[in-house]
Amino acid sequence: MIGRHLLIHSCTVKEVSGLNRDGGAEYGENILLEHVRIVPAYSVRRGTVGKEKDDKLLLFIDCSASTPKGFTPQADAAVFWQGQQYTVRAVTPC
């Protein structure tokens, strides 16, 4: 259990509801996650076409303090935080 005083962030998650005709993801409704912890790691790496953003973040969801209770995002869900969109790559329940 994470102390409630550490769960100072909130974000919006959109689960993948299907694929569009071009093979891209279609997202469902917004789910507001409150009382979570987000630890960003901003970085830029040099790619074949110049500089590329390689921003990552860790999202900590507490089973008892975070709302909605019992919510776990699925892989490929979209997370919106501070005007940026991130994609869930892996989920590790603890």
Side-chain angles (χ1 to χ4, degrees):
M1 188 164 140
I2 303 171
R4 183 129 178 166
H5 66 282
L6 296 173
L7 303 172
I8 59 173
H9 300 109
S10 62
C11 64
T12 303
V13 176
K14 285 187 175 184
E15 295 281 342
V16 176
S17 62
L19 299 175
N20 61 22
R21 65 185 190 132
D22 298 327
E26 286 187 354
Y27 297 101
E29 296 181 19
N30 290 342
I31 301 168
L32 178 63
L33 289 180
E34 295 182 303
H35 308 292
V36 296
R37 180 79 178 176
I38 298 174
V39 180
Y42 301 111
S43 65
V44 177
R45 63 184 173 104
R46 189 170 299 275
T48 57
V49 292
K51 293 181 180 178
E52 297 176 358
K53 286 175 47 176
D54 192 26
D55 297 343
K56 297 177 184 163
L57 60 87
L58 291 173
L59 172 61
F60 294 94
I61 302 172
D62 188 78
C63 63
S64 61
S66 299
T67 56
K69 290 197 184 303
F71 176 78
T72 303
Q74 301 298 317
D76 296 327
V79 176
F80 297 90
W81 184 64
Q82 290 188 342
Q84 295 287 328
Q85 178 179 346
Y86 300 90
T87 303
V88 175
R89 296 290 177 214
V91 177
T92 308
C94 297

Ignoring hydrogens and geometry, is there a side-chain-to-backbone donor-acceptor pair from [X] to [Y] under 3.5 Å?
| X | Y | result |
| --- | --- | --- |
| Arg37 | Phe60 | no |
| Asp62 | Ile2 | yes |
| Asn20 | Asp22 | yes |

Exercise: identify the closest heavy-atom pair between [X] and [Y]:
| X | Y | value |
| --- | --- | --- |
| Cys11 | Leu59 | SG-CD1, 4.1 Å |
| Ile61 | Pro73 | CD1-CD, 3.6 Å |
| Ser17 | Gly28 | OG-N, 3.8 Å |
| His35 | Thr67 | CD2-OG1, 4.2 Å |
| Thr48 | Glu52 | N-OE2, 4.3 Å |
| Tyr86 | Asp55 | CE2-CB, 4.0 Å |

Once you round to the nearest 0.5 Å, how far does CD1 of Ile8 lie from CD of Glu34?
14.0 Å
Could you tell me whether the side chain of [Y] reaches within less than 4.5 Å of the side chain of [X], counting heavy atoms only?
| X | Y | answer |
| --- | --- | --- |
| Leu33 | Ser66 | no |
| Tyr27 | Val16 | yes |
| Asn30 | Lys14 | yes |
| Arg89 | Asp76 | yes |

For Gln85, is the CD atom crowded, meaning more than 12 foreign heavy atoms sit under 6.0 Å from it?
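Above 12, so yes.
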Just wondering, more than 12 heavy atoms not from Lys69 lying within 6.0 Å of its NZ?
yes
Under the criterion side chain to side chain contact (heavy atoms under 4.5 Å, CB included), I'd like the reasoning laid out for Val79 against Ile38: C-alpha separation, chi angles, the key distance, then a yes or no.
CA-CA 11 Å; Val79 176; Ile38 298 174; 5.7 Å; no
Going only through I, L, V, M, F, W and Y residues with side-chain contacts under 4.5 Å, is there a path from Leu57 to Leu6?
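No; tracing contacts between hydrophobic side chains, which count when under 4.5 Å, never links both residues.
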